[in-house]
Protein chains: 2
Amino acid sequence: MTDEIELPGEVTLLWGLRETVRRGRKPSLTVADITRAAVEVADAEGLAAVSMARVAAQLGNSTMALYRYVKSKDELLLLMSDAALDGPPDLPDGLDWRTGLTLWARGLLKVLGRHPWTVQIPISGPPVGPNNLWWFDRALRALGDTGLDEEDKVGVVMGLLTFVHGELRLSIELSKGYAENPEAFGRQYGKALAQVVDARRFPALSKVIAAGVFEGEVPYDDEVEGEFGLSLFLDGVAAFIERRTARQG
Amino acid sequence: MTDEIELPGEVTLLWGLRETVRRGRKPSLTVADITRAAVEVADAEGLAAVSMARVAAQLGNSTMALYRYVKSKDELLLLMSDAALDGPPDLPDGLDWRTGLTLWARGLLKVLGRHPWTVQIPISGPPVGPNNLWWFDRALRALGDTGLDEEDKVGVVMGLLTFVHGELRLSIELSKGYAENPEAFGRQYGKALAQVVDARRFPALSKVIAAGVFEGEVPYDDEVEGEFGLSLFLDGVAAFIERRTARQG
DNA sequence: GTGTATTGCGTATGGTATACGCTTAAGAGC
DNA sequence: GCTCTTAAGCGTATACCATACGCAATACAC
C-alpha cells in the first residue's frame, strides 16, 4: 500500500520536508521567512514587483542568499500560491451539498481576493501544497452525502475550482483595467463598440449594444456576475447528481 | 445615437484604424506583419520566447523599429490574443441553443488549443478586438430563441467564456507540467499524495486517494473533463432558462 | 530643389534571473 | 582546543529584457 517512493522536489519543498543537516554554517533564513516576505511584497506592490532582489531586500539579505533555500523563482511562486490560501471555512457538518459548496466558493473568492496576484501565477501541475489540498478536501467533504462516487466528486470539484479561478481572474483583471483607464472602460465602452461594430457582421452583438447593456458605469460587476455564474454551475451539478442517483437507486 | 467619441487607442489599434499619413519615409512594416511574426514565434517557441528583439529578428528588422507601430509590448500581446482567434464556426441557423453553444465551446477549445499561449496573456479589459467580438456575437446568436433578455444572454456567455478559458488554462498547464515531469505527475502523483496526506486532517481526500482515483496514467484528461464540466455548466443554463421563461410566460 | 514629417535604428539605461566561486562560519571528531 | 568538513552568505559576471532618446535616412508636399 504505502510503498515508499522518493517524493518529488516540489512536494518536499511545500511540505517543509527538505532535509535539514547539522554541519556547516547556520542558516539565517527559512523557507517560510522568504515566502512571507514575497507575499508581503506581492500584496503591497503587485506580483510584478516580486523579484529575487526585491524579496531579499525585504529580508535585509543579499539576492543570492535566497537560492540556498529555493532552487528558482518558480519554486518561490509555487510557495507563494500555496501560502496565499489561508485555511478554508469550517463548514458545519449537517449542511446540504449546495449550501456547502456555495459557502466554499464564496470563501475561496474572498481569500483569493485578498491576494489578487495569485491568479497571475501559472499553474505548474496538479495541487500538492498543503493549503491547496486542504481546500480540496473541504469541497470533497461537502459532496459527502450526495451518493456520487469518488471520481465524480473529483470531477465536480475540479470544475468548480476551474470556474472560480476563471471568474476571479476575469473580474480582477477587468477591474484593474477599469481602474487604470476609467473613461475608456466605463460609459465609453458601449459607445466605442457601437461605432466599430457593424450590424451585418455582428447582428446579435448589435442588438445587445442597442439594448444598452454596456451603458452602465462598470460593464462587469464582480459580485453579481460571480453569484450568477456560480448558481448556473451549481444548477448543473444538481442536475448531474439527480441523473446519477436516479440511475443507480 | 451615434455621438462621435474619440476611440480609445486599443480600439483603433485592433481595428486597424491608426491614421495613416502621406508625408515622410515609407513604413517597411505593418501592424499585421508584426502580429503575424509574433504569433509565429509564440507558436513555435512559446510565449516566453516572444521578445521585441526576437520578433524583430523574425522580420529582419531592428528591435526599435517595432515601436513605430506598437506603443509597447502589451499592445503587441493584445494584438496577438485577437489574432489567435480565427473565425468562429458557422453554425446552421435552426440549431437549438444547447447544441449551438456546445459546438461553439468545442470550437473555441479547438482554436485556442492551436495557440496554447493565449491563456497566458493577461486580460487587460473587456473584449474589443474584432475576432473576440465575432466569437462573442456567435455565442449570443446561439441564445437567440431562448427568450432570455439581452442582459441575461451576456451573463450566460460571459460565464461560458470564463469557464472555457479556465478549463483550457488548467488543461494546458497541467499537460505541460506532465510533459516536463512525467514520473512525478503520472503514476507517482497518487502515491506521493498518499505519503503526505494525513487521514485525520484530510478525511475526504484520503478516501479519494484510497479509491485509486489518482492512480491513472494521467491524472487529468482534457477531453473527458472538459466535456464533463461543459455539460454541467450547460445543465445550469438550461435550468436558468426554464426559470426565466416560466416566470415571464 | 527644398522643407518637413516620419521611419529606421544605434546606443544607453536600468531592470531581470541565475551560474560560479570565494569567503566565512559552525558543528564533528580528534 | 585545534582542525577538517560542510554549508551558508554573497560579490561578480553573464545574458537577457523593455524601452527612452536622438540622429540619420528617406520620401512626399510644395
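We name chains A, B, ... by the order of the sequence lines, and we start the count at 1 in each one.
- The CG atom of A:L66 sits 15 Å away from the C1' atom of C:dA19 (whole-angstrom rounding).
- Here D:dA8 presents its C1' atom at 15 Å from CG of A:L59, a figure rounded to the nearest Å.
- One interatomic measurement links the two molecules: CG of B:L29 to C1' of C:dT7, which rounds to 10 Å at whole-angstrom precision.
- At least one test fails for A:R138 against the ring of A:W104: distance under 6.0 Å to the centre or angle within 45° of the axis.
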Heavy-atom protein contacts under 4.0 Å, nucleotides 9-17 of chain C, coded B base, S sugar-phosphate only, - none: BBB----SS
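- Nucleotide D:dT26 holds its C1' atom 11 Å from the NZ atom of B:K26, rounded to whole Å.
- Scanning both residues, A:A42 and A:M80, for their nearest heavy atoms gives CB-CE, 3.7 Å.
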Checking salt bridge (Lys or Arg N to Asp or Glu O under 4.0 Å) for the pair A:R36/A:D33: CA distance, chi angles, key distance, verdict? CA-CA 5 Å; A:R36 196 175 330 115; A:D33 289 334; 3.4 Å; yes
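- Taking the six-membered ring where tryptophan is involved, the planes of B:F214 and A:F136 are tilted, since the angle between them lies from 30° to 60°.
- Using a cut-off of 4.0 Å between Lys/Arg side-chain N and Asp/Glu carboxylate O, B:D86 and B:R114 are scored as salt-bridged.
- For the pair A:D82 (side chain) and A:N132 (backbone), a donor-acceptor distance under 3.5 Å is present.
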